[in-house]
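Here's the structure, in structure tokens; my notes come after.
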Amino acid sequence: MDILFFGITKDIVGAAQIQLLEEKGKPTTVASLKSFLCQKYPEMAKLSSLAVAVNSAYAQEDTPINNNDEVAIIPPVSGG
Amino acid sequence: MDILFFGITKDIVGAAQIQLLEEKGKPTTVASLKSFLCQKYPEMAKLSSLAVAVNSAYAQEDTPINNNDEVAIIPPVSGG
Amino acid sequence: MIKILSIVDTIDPGTVYAALAHPKSGGICVFVGTVREFTDEQQVVGLEFETYEKMALKEMDKIAEEAIAKWQLNNVVIQHAVGKKGVMEPVVIVGASSAHRPECFEACRFLIDTLKATVPIWKKEMFKDKSVWVSAHP
Amino acid sequence: MIKILSIVDTIDPGTVYAALAHPKSGGICVFVGTVREFTDEQQVVGLEFETYEKMALKEMDKIAEEAIAKWQLNNVVIQHAVGKKGVMEPVVIVGASSAHRPECFEACRFLIDTLKATVPIWKKEMFKDKSVWVSAHP
């Protein structure tokens, strides 16, 4: 599963994209992905907010994520 | 005294400017000028509103008008 | 603070941005009035504007000053065209720039609303077979 | 009905008028966001924007459709720039045209407010000695 990072999350992770390999404990919902990331990258837990887009649309906490979804991490937006 | 006309009042009078000669009964306030004009040009009385500018500023009904003032008749404005 | 007030033959919306951009401005709001093809389902061939220019500029200045007193603005533009204008052509442009967006939006709306109410400019709607001074009669 | 949604390198405010003018429109309202020189009294050298373009265009489309459903609009434009922008440069432009002016003003304000809240675009403020992702931290 590929995960895209933007803005400050790209800086925190040090990459625009990472791949989560198949393994036990791989997150299967938005909520579990977020807690997985915040544990792995403690700086991510300090952000004002953290949203996740699944297939380029905002997802809910309980939205499932599958291997072929395009998953993106959305830190606080600041366009305009 | 010269009086300037704009918009529909120019069409009613048939001139952009008329000169009121010195004579008895010449209007000396905005109010008397307006009633003078509405009597002379009955179409002017039918307008939605009729304002008068003295020296290029909106004047009140009781504003005096003198020979060397620039007096203008302001029918309903419709800019924009 | 730049204040541009003018009666012009032709309005070029693209040029007002240079006038409104300002290092202290984060927002620019601009309103352009254009000629509509239909009024009450009657087809409009064009509009013709005339003005009492000396007084119009004074009234525009009053409006600009009132806006500047009311909101924290950097630049203000009020331009109105005169002469004949065809469908889709711009006839008036007003704009303001400010540090944050609420101010420029509110000021811009105030500028056009007040211009329409007080600035001595008159508009004749030209239809195929007649022409009418707008708002002249009740 | 023309709807222009795009992520661009450079915004040219002058060109959006051609896109917004419409025979049925009497009013066009446009908002341009520009780079301010100071944030909390700190001098800004420039801003740098990045986006998740595929999603940004989808979110812009949602905003445009919501505006079209809410107000009687003829045309809508939403453009955002990416890359580095210097002081006074435009970074975003939104606009709408409608028969009468209240609709285009309200829609224009809605477009920019909603864009700022939902469209995945990120802004880094570059100061002389540091750079900061805006709004990232509480």
Side-chain angles (χ1 to χ4, degrees), chain B residues 1-20 27 29-31 33-35 37-61 63-80, chain C residues 5-8 11 31-36 39 47-63 78-83 85 89-94 108-126 130-138:
Chain B
M1 178 195 307
D2 288 328
I3 303 174
L4 309 177
F5 295 92
F6 294 95
I8 195 168
T9 63
K10 189 169 71 177
D11 291 353
I12 290 170
V13 171
Q17 188 166 346
I18 63 171
Q19 195 174 18
L20 288 190
T29 65
V30 163
L33 174 63
K34 280 168 68 170
S35 60
L37 289 171
C38 288
Q39 218 159 5
K40 187 154 179 187
Y41 307 101
E43 286 301 313
M44 231 180 266
K46 296 179 187 167
L47 302 178
S48 314
S49 71
L50 196 63
V52 172
V54 176
N55 300 322
S56 57
Y58 284 106
Q60 305 300 314
E61 291 290 301
T63 302
I65 49 180
N66 301 301
N67 266 335
N68 41 5
D69 286 334
E70 180 170 303
V71 177
I73 305 306
I74 311 287
V77 301
S78 52
Chain C
L5 313 170
S6 56
I7 298 289
V8 293
I11 283 171
F31 174 84
V32 181
T34 52
V35 180
R36 254 189 312 148
T39 292
L47 299 177
E48 185 166 7
F49 291 89
E50 68 168 60
T51 186
Y52 178 17
E53 182 163 352
K54 181 166 40 167
M55 179 176 172
L57 292 172
K58 278 196 201 175
E59 291 295 323
M60 285 178 177
D61 192 51
K62 279 186 203 162
I63 298 170
I78 306 176
Q79 282 193 331
H80 204 294
V82 287
K85 301 296 158 203
E89 277 192 83
V91 301
V92 62
I93 190 163
V94 298
C108 190
R109 182 70 196 265
F110 169 84
L111 294 174
I112 185 65
D113 287 357
T114 316
L115 177 146
K116 280 173 169 268
T118 66
V119 178
I121 295 171
W122 298 273
K123 169 167 58 194
K124 196 156 65 173
E125 276 180 329
M126 295 178 293
K130 61 171 180 175
S131 63
V132 177
W133 287 103
V134 175
S135 304
H137 291 104

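Each chain gets a letter, A, B and so on, in the order its sequence line appears, and its residues count up from 1.
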Nearest 0.5 angstrom please: B:Ser78 OG to C:Lys116 NZ, how far?
9.0 Å
Gap between atom CD of B:Glu70 and atom CE of C:Met55 - 0.5 Å precision:
10.5 Å
Check whether the side chains of B:Ser56 and C:Lys58 place a donor and an acceptor atom closer than 3.5 Å, and report yes or no.
yes
Would you give the length of the straight line joining atom CZ of B:Phe5 to atom OH of C:Tyr52, rounded to the nearest 0.5 angstrom?
12.0 Å
Please look at B:Leu50 and chain C and tell me whether the side chain, the backbone, both or neither of the residue comes under 4.5 angstrom of a heavy atom of that chain.
neither
Looking only at heavy atoms, which two atoms of B:Pro76 and C:Ala136 are closest? And how far apart?
CG-O, 3.7 Å
Given a strict heavy-atom distance threshold of 4.5 Å, which part of C:Val91 is in contact with chain B: side chain, backbone, both, or neither?
side chain
Taking all non-hydrogen atoms of both residues into account, name the closest pair between C:Glu59 and B:Tyr58 and its distance.
OE2-CD1, 3.5 Å
Minimum heavy-atom separation for B:Val77 and C:Pro120, please, with both atom names.
CG1-CA, 3.7 Å
Enclosure of B:Gln17 CD (heavy-atom neighbours >12, cutoff 6.0 Å):
yes
Side chain, backbone, both or neither of C:Glu48 within contact of chain B (heavy atoms, under 4.5 Å):
neither
When the 4.5 angstrom heavy-atom criterion is applied to C:His80 and chain B, the contacting part is side chain
Checking side-chain contact (heavy atoms from CB on, under 4.5 Å) between C:Trp122 and each of B:Ile8, B:Thr9, B:Ile74, which is the one that passes?
B:Ile74
With a 4.5 angstrom heavy-atom cut-off, could you sort out which part of C:Thr51 is near chain B: side chain, backbone, both or neither?
backbone
So which atom in B:Gly80 and which in C:Leu115 form the shortest heavy-atom distance, rounded to 0.1 Å?
N-CD2, 4.1 Å
Test B:Asp11 against C:Trp133 for side-chain contact (heavy atoms from CB on, under 4.5 Å), laying out the working first.
CA-CA 10 Å; B:Asp11 291 353; C:Trp133 287 103; 2.7 Å; yes
Taking C:Glu50 for its side chain and B:Phe6 for its backbone only, find out whether a donor-acceptor pair lies under 3.5 Å.
no
B:Asn55 versus chain C, the contacting section by heavy-atom distance below 4.5 Å:
backbone
Chain B interface, residue from C:Ala81, C:Ser135, C:Ala56, C:Gly33 that has the most non-hydrogen pairs under 4.5 Å
C:Ser135
B:Gln19 atom CD: more than 12 heavy-atom contacts under 6.0 Å
yes
